[in-house]
Amino acid sequence: MSKPVLIACAHGTRNAEGQAAIRQVLAEIEALRPGLPVVEAYVDVQEPELSAVVAGLPEGTDAVVVPLLLGTGYHVKVDIPKAIKARPEVTAAPPLGPDPRLAELLAERLREAGLRDDDGVLLAAAGSSLPDGSVDSEEQARLLAELLPNKVRVAYGASAEPNVPDGVAALRGEVTADGGAGRVVVSSYLLATGYFHDQLFKAEADIVTAPVLPSPVLAEIALERYDTAVAKRG
């Protein structure tokens, strides 16, 4: 029995470094699972667009869309279901986050950036326009806080509150209360460099960490999401 196609679906970016980082994840998925058919797709900005990829599959081809996205937002709840609606043999897996392995990776990025115990950490996510779109980011922040002695808060690049500049200002007030000398460190909860990551440097934090990628952890999580989705198909 042939394996269902894994459609790795990312957001898309015009940033060449960000594009390369996502394609590296696809290469790592293929290296971890030789023989598994892996196809790239995007929900915005880049091509091939997900709906076109799904439409281009031969009729009857089993496939699983694995969102290379860090949480459940509009793309996961609306765009992906819309793209696969006419193809019942194509199903969708959950996004990559929240996940304890991502918390470990975020903590590693923070240590690389020189995090001190008295610093405040602002987890900066892309944001979602959906009413419950912040739930996954808040859970990821909770998982990160379990690994650190620091205050950990959440803010968003767009479509949700607080925005990152307001989050930085509020957290600075917390860490400097009563004469504290802690800094504000923005933890970039974004897959790769691009527009949203660039905007983080305008928020007047003391430090902005590198994004999540590159890391082989993302490919491992993507394959786990794929395997779980395949198992549910029976």
Side-chain angles (χ1 to χ4, degrees), residues 1-13 18-102 105 125-126 128-130 132-133 135-137 139-140 189-192 194 211-234:
M1 183 176 177
S2 61
K3 302 171 184 175
V5 174
L6 189 160
I7 302 175
C9 181
H11 181 277
T13 177
Q19 292 174 358
I22 293 297
R23 292 195 174 111
Q24 179 63 28
V25 176
L26 270 68
E28 289 166 350
I29 291 172
E30 292 172 332
L32 287 170
R33 194 69 59 86
L36 176 65
V38 179
V39 178
E40 70 177 305
Y42 302 92
V43 289
D44 200 1
V45 183
Q46 274 181 262
E47 294 183 347
E49 199 270 331
L50 176 61
S51 60
V53 169
V54 172
L57 293 173
E59 199 69 33
T61 300
D62 289 332
V64 176
V65 177
V66 178
L68 299 185
L69 301 166
L70 293 173
T72 304
Y74 188 88
H75 296 307
V76 169
K77 285 199 168 184
V78 178
D79 289 337
I80 292 175
K82 182 180 177 181
I84 68 176
K85 184 177 180 181
R87 299 292 291 269
E89 70 275 30
V90 180
T91 56
L96 303 176
D99 191 281
R101 288 163 290 186
L102 291 175
L105 187 53
S128 172
S129 58
L130 298 181
D132 59 348
V135 173
D136 285 353
S137 297
E139 173 62 12
Q140 191 63 63
Y189 190 44
L190 301 167
L191 284 179
V212 172
L213 291 174
S215 171
V217 170
L218 279 296
E220 295 168 7
I221 297 174
L223 280 168
E224 185 177 289
R225 301 290 188 263
Y226 168 85
D227 290 339
T228 300
V230 171
K232 286 182 178 179
R233 294 159 70 108

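Just so you know, residue 1 is the first one in the sequence shown, and it goes up from there.
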Exercise: identify the closest heavy-atom pair between [X] and [Y]:
X    : Y    : result
I7   : A41  : CG2-CB, 3.8 Å
L36  : P4   : CD1-O, 3.6 Å
L69  : C9   : CG-O, 4.3 Å
G194 : T13  : CA-OG1, 4.1 Å
L68  : A222 : CD2-CB, 4.1 Å
Y226 : V5   : CE1-O, 4.1 Å

Can you tell me how far apart [atom1] ([X]) and [atom2] ([Y]) are? Round to the nearest 0.5 Å.
X    : Y   : atom1 : atom2 : result
Q24  : Q19 : CD    : CD    : 14.5 Å
D79  : K82 : CG    : NZ    : 7.5 Å
L130 : T72 : CG    : OG1   : 9.5 Å

Taking only residues two or more places apart in sequence or in another chain, which ones pass side-chain contact (heavy atoms from CB on, under 4.5 Å) with [X]?
X    : answer
A21  : A192, L213
E30  : V38
P211 : S188, T193, H197

Tell me every residue that passes side-chain hydrogen bond (donor to acceptor under 3.5 Å, both in side chains) with [X], counting only those two or more places apart in sequence or in another chain.
X    : result
T61  : none
K77  : D132
D99  : R101, R225
E220 : none

Could you name each residue pair satisfying ring pair (Phe, Tyr, Trp, His ring centres under 6.0 Å) that touches [range], not counting sequence neighbours?
range          : value
residues 20-49 : none
residues 45-95 : H11-H75
residues 44-67 : none
residues 52-72 : none

- Message: Taking the side chain as everything from C-beta on, heavy atoms only, tell me whether L223 gets closer than 4.5 Å to L6.
- Response: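 Answer yes - side chains close enough.
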
- Query: Is the shortest heavy-atom distance from the side chain of L218 to the side chain of L105 under 4.5 Å?
  - Reply: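 The answer is yes; the side chains approach within 4.5 Å.
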
Kindly list each side-chain donor-acceptor pair under 3.5 angstrom involving residues 89-96, sequence neighbours excluded, with atom names and distances?
{"from": "E89", "atom 1": "OE2", "to": "G60", "atom 2": "N", "distance (Å)": "3.1"}
{"from": "E89", "atom 1": "OE2", "to": "R87", "atom 2": "NE", "distance (Å)": "2.8"}
{"from": "E89", "atom 1": "OE2", "to": "R87", "atom 2": "NH2", "distance (Å)": "3.2"}
{"from": "T91", "atom 1": "OG1", "to": "R233", "atom 2": "NH1", "distance (Å)": "2.9"}

- Query: Does L70 offer a backbone N or O that forms a donor-acceptor pair with the side chain of Y189 under 3.5 Å?
  - Reply: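 Looks like yes, one N/O pair under 3.5 Å.
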
